[in-house]
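Note that the coordinates shown come from a computational prediction; the quantities given were computed from them, not determined experimentally. Order of appearance sets the numbers: ligands from 1, and atoms from 1 within every ligand. The first residue in the sequence is number 1, and the count goes up from there.
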Amino acid sequence: MSHYQIAVIVGSLRKESYNNKLAIAVARLAPPEFSFKQVQIGDLPLYNQDDDTNQAESVKTLKKEIKSAQGLLLLTPEYNRSIPGVLKNAIDHASRPYGQGVWAGKPAGLLGASPGAAGTAMAQQHLRNILAHLNVPTLGQPEAFIQVRDGLFDEAGNIGEASKKFLQNWMDHYVAWVKKHAG
Ligand SMILES: Cc1cc2nc3c(=O)[nH]c(=O)nc-3n(C[C@H](O)[C@H](O)[C@H](O)COP(=O)(O)O)c2cc1C
């Protein structure tokens, strides 16, 4: 049985981030041959093209962890109808220097949670656009725009009953997607 290491990137640095909680809870719905490791993006410098020839250690670590993963799971909050700057910063870092990006070909699933009714739909669409340019194949359906409501998580931090079936179905499709596209 193959093993699939998934690099998880959460576009929020907030301690009580819903998206971070979602990343942890949704990983518990995956089969045992999948393991999930969150890549840290909070310690990355602001991207500056002048540094391309001398990337910071945190950037090298980010690139190494993406490179060694068989798949990606990106969770984005929605900030002003797009993705947060910290997430774009991480994406830009790992796309450079030109020709030495690490994104291409990594199958990705997108999730996002927001208290807003549209549940990160706009942010996820922007993210898909960016990832298409980087040649990252993204799971198209099912889409998952999660509106944060009481009961989304239970007391143990698992997905609550009301959303469990929906997110289990999402995870089942994601797992099949990664298995199909992982190199
Ligand atoms: C700068 C900023 C802009 C925001 N813009 C949006 C928005 O466009 N749509 C939305 O649904 N929520 C928006 N929100 C609310 C976020 O969805 C909410 O803060 C959410 O909890 C952020 O995700 P997190 O819990 O993972 O940190 C915004 C929040 C901030 C701080």
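- Between L29 and Q168, the closest heavy-atom pair is O-NE2, 3.1 Å.
- Applying the salt bridge (Lys or Arg N to Asp or Glu O under 4.0 Å) test to every pair with at least one member in residues 65-88, sequence neighbours left out, gives these pairs: K37-E65, E78-R81, K88-D92.
- For a heavy-atom separation below 4.0 Å, the residues in contact with ligand 1 are S12, R14, S17, Y18, N19, P77, E78, Y79, N80, R81, S114, P115, G116.
- Evaluation of the ring-ring contact (aromatic ring centres under 6.0 Å, His included) rule for Y18 yields no partner, not counting sequence neighbours.
- Here H173 and W177 keep their ring centres 6.0 angstrom or further from each other.
- When atom types are taken as modelled, the side chain of D51 and the backbone of N54 share no donor-acceptor pair closer than 3.5 angstrom.
- By the ring-ring contact (aromatic ring centres under 6.0 Å, His included) test, F153 is found to be paired with no residue, residues two or more places apart in sequence or in another chain being considered.
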